[in-house]
Colleague: 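A single structure is presented below for examination.
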Amino acid sequence: MSVSLLLATGCLLTIVASIQVQRNLNWEGAGKDLAIEGRDVAGTELTVVEGGRDLKLKIADVDLDPQDPEREIYLYTVLYRDSVSEQWQNYCQPDRDNVAKAIPLSGAWDRTGKHHENGRITFACTNGVLAKCVRFGYKPWKTVRGRSLRDFHQACTRMVRADYCGNGRAHTKDGTAIDIYDRLSIQTRTPHSGMILEAGWSPDGAVFIARTRWPESLAKIERECPDRLKRPVRNSLAQPLLWRIDPTAIQQQLPKVLIFNDSFDLIRSQSYPCGIRRSLLRCS
């Protein structure tokens, strides 16, 4: 018997039997389904096949995310039974708030970071980019102002990892501070943050790159996807200083851009570590 999860969104999802990279659980069921909802999932034990061997899993606990004002996100404590010690271990590693939980998301992500809706469910740990983007407000199951947030979530995953080329290659360092804002105002730009515009993002990576997050990444981007550095922007945007480019004008001229981010100019200024001013800044 397989297990399906009826999430807070009302979406029935089938578990997929494989394990994703970046510590994401991805399961597929066979045979009769069992639908369970919300906190009722707690205590469920599963046996799935991973790498040709059985892996025993348990959903030990389910809580509403205290960071979600809309009370839509459930955080799952997912355990696996260690084959040597026979003890239950937490599948996720703690995030910056010392939370080691997972958020179930429909579909799966391939090695390039692209999402596929294929009847699967992925459990994304809160220390990883998939869960971070959900908690930033880009809930892929929602629609805001008539627009699905699925593409916004995908664009967010590219942005957090500085995956400029949309090929799954990250160009950031853990704990780098960034400021996120978007054309739906789910996240808004932080005034006087000391940061400057870095890039505009779509589900396929960066559409417009003003500058790279880390200076040493520029040469790699020039090799991997030089066209991302040469997107056409009218002269009215070409201010004497790149950091004065107006994101509002870019939104009008480049409609594919869904999300923007600012970051510190590590050449011209001293950056803040990610723990400072956390109410204003996000961490990549």
Side-chain angles (χ1 to χ4, degrees), residues 5 7 9 13 15-27 48 50 55 57 59-68 72-80 89-118 120-142 149-178 180 186-187 201 203 205 213 259 261 263 274-275 278 281-284:
L5 305 181
L7 306 182
T9 61
L13 302 174
I15 294 173
V16 178
S18 64
I19 288 186
Q20 289 281 87
V21 296
Q22 298 181 336
R23 304 296 285 177
N24 294 325
L25 241 58
N26 193 351
W27 297 329
V48 299
E50 186 271 319
L55 181 67
L57 302 168
I59 300 174
D61 197 14
V62 182
D63 296 299
L64 281 168
D65 186 354
Q67 296 183 15
D68 180 22
E72 295 177 333
I73 300 173
Y74 282 103
L75 300 180
Y76 289 59
T77 302
V78 180
L79 308 180
Y80 73 95
Q89 307 287 337
N90 198 321
Y91 193 80
C92 293
Q93 297 297 315
D95 59 23
R96 289 183 172 274
D97 296 318
N98 203 34
V99 174
K101 295 180 181 291
I103 298 173
L105 299 173
S106 66
W109 283 257
D110 62 26
R111 292 186 179 276
T112 70
K114 184 177 181 179
H115 175 260
H116 300 275
E117 195 63 71
N118 52 7
R120 301 181 176 188
I121 181 170
T122 294
F123 273 75
C125 296
T126 54
N127 67 340
V129 65
L130 299 181
K132 284 181 180 180
C133 287
V134 173
R135 301 180 90 191
F136 289 163
Y138 304 114
K139 302 171 180 177
W141 60 85
K142 291 197 70 172
L149 296 187
R150 169 66 68 190
D151 284 347
F152 283 80
H153 181 268
Q154 178 75 87
C156 175
T157 65
R158 304 294 191 190
M159 179 271 302
V160 172
R161 301 182 68 244
D163 181 5
Y164 299 106
C165 302
N167 56 11
R169 297 176 184 173
H171 298 278
T172 190
K173 299 178 183 179
D174 188 38
T176 304
I178 52 177
I180 307 167
I186 295 170
Q187 291 286 337
W201 302 86
R213 194 168 307 173
I259 296 176
N261 83 286
S263 56
C274 195
R278 293 189 62 188
L281 308 181
R282 306 294 185 181
C283 303
S284 64

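As a basis for the values below, the full set of heavy atoms in this structure was taken, side chains included, without hydrogen atoms, waters or symmetry mates. Along the sequence shown, residues carry numbers from 1.
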Colleague: Would Cys92 and Thr126 satisfy side-chain contact (heavy atoms from CB on, under 4.5 Å), going step by step from the backbone distance to the final call?
Modeller: CA-CA 8 Å; Cys92 293; Thr126 54; 5.9 Å; no
Colleague: What's the spacing between Cys133 SG and Ile180 CD1 if we round to 0.5 Å?
Modeller: 7.0 Å
Colleague: Using a 3.5 Å distance criterion without hydrogens, assess whether the side chain of Asp68 forms a donor-acceptor pair with backbone atoms of Ile73.
Modeller: yes
Colleague: Judged by atom type as modelled, is there a donor-acceptor pair below 3.5 Å linking the side chain of Gln154 to the main-chain atoms of His115?
Modeller: yes
Colleague: Looking at Leu75, Thr77, Val78, which one forms a side chain to side chain contact (heavy atoms under 4.5 Å, CB included) with Asp61?
Modeller: Thr77
Colleague: Going through the checks in order, is the side-chain contact (heavy atoms from CB on, under 4.5 Å) test met by Trp141 and Leu105?
Modeller: CA-CA 9 Å; Trp141 60 85; Leu105 299 173; 4.1 Å; yes
Colleague: Look at the side chain of His153 and the backbone N and O of Leu130, then say whether any donor-acceptor pair between them is shorter than 3.5 Å.
Modeller: yes
Colleague: Check Lys132, Lys101, Arg135 against Asp95 for a side chain to side chain contact (heavy atoms under 4.5 Å, CB included) and give me the one that passes.
Modeller: Arg135
Colleague: Between the side chain of Gln187 and the main-chain N/O of Gly137, is any donor-acceptor distance below 3.5 Å?
Modeller: no
Colleague: Look at the side chain of Thr122 and the backbone N and O of Gly107, then say whether any donor-acceptor pair between them is shorter than 3.5 Å.
Modeller: yes
Colleague: To the nearest 0.5 angstrom, please state how far the CH2 atom of Trp109 sits from the NZ atom of Lys114.
Modeller: 13.5 Å
Colleague: Any sub-3.5 Å donor-acceptor pair from Asp163's side-chain atoms to Asn167's backbone N or O?
Modeller: yes
Colleague: What verdict does the side-chain contact (heavy atoms from CB on, under 4.5 Å) test give for Tyr91 and Leu79, after you've listed the backbone C-alpha separation in whole Å, the side-chain angles of each residue and the deciding distance to 0.1 Å?
Modeller: CA-CA 5 Å; Tyr91 193 80; Leu79 308 180; over 6 Å; no
Colleague: Can any side-chain N or O of Arg213 pair as donor or acceptor with the backbone N or O of His171 at less than 3.5 Å?
Modeller: no
Colleague: Would you say Glu72's side chain and Asp65's backbone share a donor-acceptor pair under 3.5 angstrom?
Modeller: no
Colleague: Can you check whether Val99's main-chain N or O pairs, donor with acceptor, with Asp97's side chain at less than 3.5 Å?
Modeller: no
Colleague: Check the orientation of Tyr164 and Trp201. Use parallel for under 30°, tilted for 30 to 60°, and perpendicular for over 60°.
Modeller: parallel
